[in-house]
Asks: 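Quick one: structure below, then a few questions.
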Amino acid sequence: MSDSTSFTKIFLAQIKRDLLLGVVKRNEWLNPIVFLVLVQTLFPLALGGSPDLLENIAPAIIWVSALLATLVSLESLFRDDFEDGSMEQMLISASPFYVFTFAKIICHWLLSGLPLVLICPLLAMSFGIKPDVLPVMLLSLLLATPVLCCISALASALTLNARRGGVLLSLIVLPLYVPVLVFATGALSQAAIGVSPAGALYMLAALFIFALSATPFVLSAALKLSLSDA
Amino acid sequence: MFEAIDICYQRGGRRLFAGLSFKLGQGQALYIKGENGAGKSSLLKLLTGVSQADQGDVLWQGKSIRHDEYAFHSNLLFIGHKSGLNIHLNALENLAWYQRIDNLEIEQEHCKDIFKALGLYGFEDIPVGKLSAGQQRRIALCRLLFSKKRLWVLDEPLVSLDQSGVQLFQSILQNHLMQGGMLVFTSHQELMIEDASLQSIDLGDYKTDSSETRE
Amino acid sequence: MANFFQEIKVLYHKLGSPRYFYELSSYWILPLTSLCTLLIIIGVIGGLAVAPSDYQQGDVFRIIYVHVPAAILSQSAYMLIAVAGFIALVWRMKMAAMVARAAMLLGASFALLTLVTGAIWGKPTWGTWWLWGDARLMSSLLLLFLYMGIIALRESFSDEQAGIRASSFLAIIGLVNIPVIKYSVLWWNSLHQPATLKLTEKPAMQMEMLWPLLLMIVAFYCFFALMLILRVRNEILQNESNSKWLKELLAEEGK
């Protein structure tokens, strides 16, 4: 049996490969960011720029636009490897499949989740969110974006064989996103009024741990399903 | 050593084949024949473990391929219709990836020799997407040369190859069989393999009329 | 005791074969239909006429005789889809896939019915058709979305079986998510609606009001089972149209 150090090597090499391939496709990771910035600039314009109102609904705007941004980035996560046959080869290689799926999830987050974590706080400040709320915001983003990425990866894996249709993905993902949305905005709005956001943050952390531990295997199963039905 | 027992498979509501069995030993090749749409590629997916049969089992060294996946996968080389090559990476990078995911040492020099042998010298650092179909096929087939895997499963390996490519490929195959390897393949062209080591299966023989459903 | 389990096992295997299911289920249709009709008649009369008026809500509360069974059924149907889907995925049982498929639209209809009756209940009691703050309404809405996602996913596949498998997988993921959704909505509710409306608590019901409700719940289950069986039989007819046993059976029935 192979030892785990070689799996780690393969894992890291796979991350490097997927990251490089992902960065090359500039549209893929640039689109969500542009979308995010657009939405978060349009809202103040539409609301007439009243600072109190903005500050009140800022958590909602930020989180809904973050959610929508992850939807925009869904398409080619697995599609390229699926269509050129590499994913099949990963499945029948001597390395366990979940090494590859785990690497893909991490790359997905690095390319579509991490930008959100970096940009949202900046945009939030423009909404008048007080600086002492920012740590909570950052923490909630760090915990929630990986969960969102895991969910969107699952949805993407299941729809590999389906006929294309953007609405389908959003419909599948929406109910699964709701708990994350609820806890994330809850944390933010509580912090904004001075109440401790610990409860919400703990729930987000629980979701985070659950998602991270379950997703490589569930995702492997979903991809195997799509590969066998291809 | 590589066996299929009583395989039944249905796809898209159609029963493709039922009761399909074979036994493949060292140095033997299995030629899977059938019309277009008969289910050749589906059968290959069953044999490599990508799909699961409705009934029946596939055995490697006497054990089901699901029970000891590592042992089976370490000995399996599958080249299907799709090239399996990433179009943004070049040939060397693609082959290095294949060696890495199978836990093999990456031998750069050996790769270069292989490229020369296959007439690809000079093309190894161009992104695969920019090469012709025939060249991509040759790169995919490079894997055969540095592979030490015992079972080769090839789906239409001669597609896109020119005359010299076909001859080269035949000699690679002969070598593999002589060294005790096994081969399962589909092809619209005949491959030159000794009759003694060649088995063949025609999927038309296993296609059941649905009225013979057991239930 | 061991004999009993043995028989259950045999029954399970038999039901897994389309032929036996078709033959066995033909015996169940008439009893189920009669039972269902009887229970609905008694339940409706009981709920509308016999049960006393609620001291708070007057006669409006009577919609619970449809609303609550619909809600319960929509959740049970979802569980059935997840379980049957799991069996179809892991053991590749055709019957399980058919059952899962047949239950999807049924469950979605119940979910829709829950929402509509909930809205009808809401108008006189809250003054509005919809209330974003109510935890149960939100959970029901999200359940409906889960159903819509499952059905949409299934329909977007050209290969029918592949579609059923993918949507079963999604159903299982959704199943894990349902408690999370419920809890998160409840938490949100407690955050934003400190004076929770009484609708989210189930008031202790007197027996006079309760018995029609129980009857209606059983009636809805019978209805669901009946519809499920009819739909699965339909699928068997479609999928197995080429098999010998079916041709023989239909020829016999034609005589």
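Just so we're on the same page: letters track the sequence lines, and every chain starts at 1.
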Asks: Could you pull out all residues at least two apart from A:S65 that satisfy side chain to side chain donor-acceptor pair (under 3.5 Å)?
Replies: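 Partners of A:S65 by the side chain to side chain donor-acceptor pair (under 3.5 Å) criterion, ordered by chain and then number, come out as A:Q40.
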Asks: Give the minimum heavy-atom separation between B:R100 and A:A13, together with the two atoms involved.
Replies: CD-CB, 3.3 Å
Asks: Any chance you could measure B:L77, atom CG, to A:Q89, atom CD, to the nearest 0.5 Å?
Replies: 7.5 Å
Asks: Determine whether A:D84 and B:I87 make a side-chain contact, defined as any pair of heavy atoms from C-beta on separated by less than 4.5 Å.
Replies: no
Asks: With a 4.5 Å heavy-atom cut-off, do B:E93 and A:R17 have their side chains touching?
Replies: no
Asks: In the structure I gave you, are the side-chain heavy atoms of B:N86 and A:D81 within less than 4.5 Å of one another anywhere?
Replies: yes
Asks: Only pairs of heavy atoms separated by less than 4.5 Å count here; which of A:L91, A:L225, A:V99, A:D80 has the most with chain B?
Replies: A:L91
Asks: Does a side-chain heavy-atom distance below 4.5 Å link B:W97 with A:S86?
Replies: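 In contact.
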Asks: Which atoms of A:Q14 are under 4.5 Å from chain B, going by heavy atoms: the side chain, the backbone, both sets, or neither?
Replies: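 A:Q14 touches chain B through side-chain heavy atoms alone.
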Asks: Look at atom CD of B:Q170 and say whether more than 12 heavy atoms of other residues, nucleotides or ligands are closer to it than 6.0 Å.
Replies: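 Buried by this count: over 12 neighbours within 6.0 Å.
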Asks: To the nearest 0.5 Å, what is the distance between NE2 on B:H88 and NZ on A:K25?
Replies: 5.5 Å
Asks: Do A:F100 and B:I101 make a side-chain contact, defined as non-hydrogen atoms from C-beta onward lying under 4.5 Å apart?
Replies: yes
Asks: Between B:F78 and A:E88, what is the shortest heavy-atom contact and its length?
Replies: CE2-OE1, 3.8 Å
Asks: Measure from the side-chain N and O atoms of A:K224 to the backbone N and O of B:S51, and report whether any donor-acceptor pair falls under 3.5 Å.
Replies: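 The answer is no, because no donor-acceptor pair under 3.5 Å joins these two groups.
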Asks: I'd like to check the ring pair (Phe, Tyr, Trp, His ring centres under 6.0 Å) partners of A:F97; sequence neighbours left out, ordered by chain and number.
Replies: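 With neighbours one apart ignored, the set is empty.
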Asks: Which bit of B:Y98 is near chain A, if near means a heavy-atom gap under 4.5 Å: side chain, backbone, both or neither?
Replies: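 It is the side chain, since no backbone atom gets that close.
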Asks: Atom OG in A:S93, atom CD in B:Q99: separation rounded to 0.5 Å?
Replies: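 Answer rounded to 0.5 Å: 13.5 Å.
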Asks: Evaluate the side-chain proximity of A:L20 to B:L89: yes if any heavy-atom separation is below 4.5 Å, no if none is.
Replies: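 No, every pair of side-chain atoms sits at 4.5 Å or beyond.
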Asks: So, B:D102 side chain and A:A94 main chain: donor-acceptor pair closer than 3.5 Å or not?
Replies: yes
Asks: Output the distance between atom CD (B:E69) and atom CD1 (A:I92), rounded to the nearest 0.5 Å.
Replies: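 These two atoms lie 11.0 Å from each other.
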Asks: Hey, does the side chain of B:K45 reach the backbone of A:A230 with a donor-acceptor pair shorter than 3.5 angstrom?
Replies: yes
